[in-house]
Amino acid sequence: MKKKIFSIVLSLCMVVAMMPMASGFAWAEETSSEGSGSTTESTIVGTAVENVTFTHTYDVQRNPAYPAKGGEVKLSGLSKPYTAPSATTTTEGIWKLRKVGTYAYVKSKNQNSAALDSIVGTVATNYGITDKDSMAIHELIKDETHIAYGVVVAYEKDKGRACFIGDALNSSTGYFLSIQAETGSVTMKAGEVASDMTKNLSISLDQTGNLDFGSKDKGYTVDTSEAKAVTISNVGNAETGALNISVSQPDAFELSKTNVGSIAVGGSDSFTVIPKAGLPAGTYNATVTVSGTDLDPQSFTVSFTVNDNSTPITPPTPPVVHTHNYGEPTYVWADDGKTCTATKICKDGSCLSTVEGNTVTESGVITSAVKTPATYTSKGTTTYTATFTDSDFTTQTKDVDDIPQLVYVPVHSHDYSQHIASDRYKKSDATCLSPAVYYVSCICGAKGTATFESGEKGAHNYVDGKCTVCGEISKALAKSELSSDFEAVPTAEAMKVFWGRVEGAEGYDVYVQICGKRFTAKSITNVADGNATETVIKKINGKKIDLNRNYKIFVKAYKLVDGKKVILSRTVIAHSTSVKNAKYTNVKDITVSKNSYDLSVGTTANIVAHSVKADGKKQILGDNHVKEFRYASSNEAVATVSKSGKITALTAGNCEIYVYGINGSREVVEVTVK
């Protein structure tokens, strides 16, 4: 009788809320007045938070992970902050938040990441910001070293503390920064004005790099037509406010303006720069900078040269260079022929020893070759050759009698009588079929061709429940196969017993006995067919079955080894009653509240099962026979199940949990652990 198996796929859930998270918007209090009343709104602080030095920073958990506008966020689990994956800081240090620019600007500098994109996307969703590219990004810095990019979601200026969400761990790490030490947990309020989170003040100049005014001779004049115009454009999404224009060398260069008024979005303004007249001879370099409040300054460089047109100075006459006149080289060999040094000396009497190159030496590159091999009566000779890179030095050779005289050694006859089980002589490792195999050896250490076995047989190499060496299936797989269709079903005249076929089995022993009595040899019905999956029991203990009684049944699968039965697996014990029993009935089916579970490693789940009675007016057998439900796992390395039906996920993988009723009726629950 085949049972329907429901497939249950369980996927691993990652609990984002349990992870520390972080990012980079900062908030301050701004007061505005309209009419006779006034209101206070939380807005982005921009550069205000950049002026704060935080002496204490913690890695925190946030609840909620991302606050909504004006919502509170609780920061707990204060601990040493992460500075890199799997690394925490051991000192407090100096911590700062620096505004980098908009998210679009960060991406253009190849500084964005999947984690930062997730942070910006979530904050934009919570604040209803459709253009997340316009959101401001801050950089968290410790002791002038980069830690993370992200968003500041809360800032209390009067208390000197902020909440920052950053991408330090390629996730969403939460940081709590404070000017003083904190313990326990902290609750902060997020900002309420979403539009201020995306305020982006930005300008550009049509002049970048270096603006070169060329050169003029000393005593020059300057015409106003030589002035260079520079255009300032507002490329942000808000008015720039007043802008300042400065030059680092005001004594050398002149600006037409030192400040301009606020420029509207998409608007522009301009100024000119020109070198001053009458500058002394020399080269002049300076930097022109345009700056304003809460925006990144823009700059370029200017250069100008004034030539000295006075009488040139005649350079000194260079000294006469001495040309060496070297004599014949000399060569010095080492006695062993391993080194050779060549030397040449200038023979010109006017060449003093202080003149560079008076004496030149070079160590030759040595190679060797056998000139005369050694014999049993005399040494052999090696010829050593020295070559040089200096063209005045020629190749030199030296013969050295350094090859030892040959020594007569009698011929050894090997005796391969040793049986040494070591890796030196191992031919093959042990398997489930045989111990390790070794080569025989001689006392001199030589290895023979004959082999011998030593040690114990190895373990089976199970892959998907089957040994890749001998083909034997594992006990876990045999149990799963045998129990897959196990059930005891009474009929009007007999008891039918069903089971699943076990690969490699040569037969099955079916045990049937009256409840309350011990199983004996007479309780066994042998089915000597490895392919059989059912049998009909008409006699128990040699007597015709009494269908008014209650019975207990289980099945063993076996194979024959040297004429003896080796048990491969066995089922649970099922208890069954007759259809004629006036009080009791059998379990018709087992149902479960869930047919599948997705579990992460270390988590648990409880199976809720229900017995469907064959006759709803009768009782099923009570606990004095067996528990109403029994449970088993097909792979206890992946997940285990307790007597009460509690699943515990251990390692990633898939397995089946079997739920057995009193009479062997079964339901299957699929479990996936990730």
Side-chain angles (χ1 to χ4, degrees), residues 15-31 38-46 48-83 88-89 92-93 95-97 99 115 118-129 135-140 142 147-169 171-197:
V15 184
V16 177
M18 295 296 295
M19 299 176 58
M21 310 181 72
S23 124
F25 279 124
W27 310 88
E29 294 297 317
E30 178 183 283
T31 301
S38 64
T39 60
T40 299
E41 298 178 328
S42 294
T43 61
I44 185 166
V45 298
V49 72
E50 295 179 297
N51 298 325
V52 180
T53 296
F54 300 97
T55 55
H56 293 77
T57 297
Y58 306 88
D59 176 42
V60 297
Q61 295 179 350
R62 310 187 309 279
N63 184 21
Y66 289 87
K69 292 189 295 183
E72 289 188 341
V73 55
K74 183 178 182 181
L75 310 176
S76 60
L78 277 63
S79 62
K80 293 291 185 181
Y82 282 93
T83 57
T88 58
T89 182
E92 292 299 339
W95 298 78
K96 297 180 180 179
L97 288 169
K99 186 169 68 176
S118 175
I119 294 168
V120 172
T122 304
V123 173
T125 299
N126 281 13
Y127 280 82
I129 300 172
M135 289 178 58
I137 301 300
H138 280 69
E139 179 185 18
L140 179 62
K142 177 183 180 292
I147 301 299
Y149 293 103
V151 180
V152 180
V153 294
Y155 175 63
E156 295 177 352
K157 182 177 181 181
D158 57 334
K159 296 181 180 179
R161 57 190 190 181
C163 175
F164 174 81
I165 308 178
D167 62 353
L169 301 178
S171 59
S172 301
T173 310
Y175 294 91
F176 171 62
L177 298 89
S178 178
I179 61 175
Q180 61 184 5
E182 299 281 355
T183 59
S185 62
V186 177
T187 299
M188 302 182 70
K189 185 176 181 181
E192 297 178 344
V193 182
S195 61
D196 287 340
M197 298 180 68

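Positions are given from 1, in the same order as the sequence printed here. Because only heavy atoms are used, hydrogens play no part in the values below, and waters and symmetry mates are left out as well, while side chains stay in.
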message = Show the nearest heavy-atom pair for residues Tyr127 and Ala68, with the distance to one decimal.
response = OH-O, 3.8 Å

query = What are the two closest heavy atoms between Ser185 and Lys74, and how far apart are they?
reply = OG-CE, 3.5 Å

Lys80 atom NZ, neighbour heavy-atom count above 12 within 6.0 Å = yes

note = In terms of heavy-atom contacts, Val120 and Ile137 come closest through CG2-CD1, 3.7 Å

remark   = Minimal heavy-atom distance between Thr53 and Lys96, with the atoms involved, is OG1-CE, 3.8 Å

Validation row: Val123, Met135 side chains within 4.5 angstrom (heavy atoms) = yes

note = Taking every heavy atom of Ala154 against every heavy atom of Ala190, the minimum-distance pair comes out as CB-CA, 4.4 Å

request  = Nearest 0.5 Å please: distance from the CD1 atom of Ile147 over to the CD atom of Glu139.
outcome  = 9.0 Å

Contact check, side chains of Leu97 and Phe54, non-hydrogen atoms, under 4.5 Å = yes

task = Hey, could you give me the CD/SG distance between Glu156 and Cys163, rounded to the nearest 0.5 Å?
result = 10.5 Å

query = Do any N or O atoms from the side chain of Tyr58 and from the backbone of Glu182 form a donor-acceptor pair under 3.5 angstrom?
reply = yes

query = In Å and rounded to the nearest 0.5 Å, what is the CG to CZ distance from Leu177 to Arg161?
reply = 12.0 Å

Any Phe176 side-chain heavy atom under 4.5 Å of Met188 side chain = yes

key: Check: Val73 and Asn63 side chains under 4.5 Å, non-hydrogen atoms   = no

query = How many angstroms lie between OG1 in Thr88 and CG in Asp59, if you round to the nearest 0.5 Å?
reply = 9.0 Å

ask   = How many angstroms lie between CG in Asn126 and OH in Tyr66, if you round to the nearest 0.5 Å?
value = 9.0 Å

query = At what distance, to the nearest 0.5 angstrom, does CZ of Phe164 lie from CG of Leu140?
reply = 5.0 Å

remark   = On a heavy-atom basis, the closest approach of Leu78 and Gly184 is CD1-O, 3.3 Å

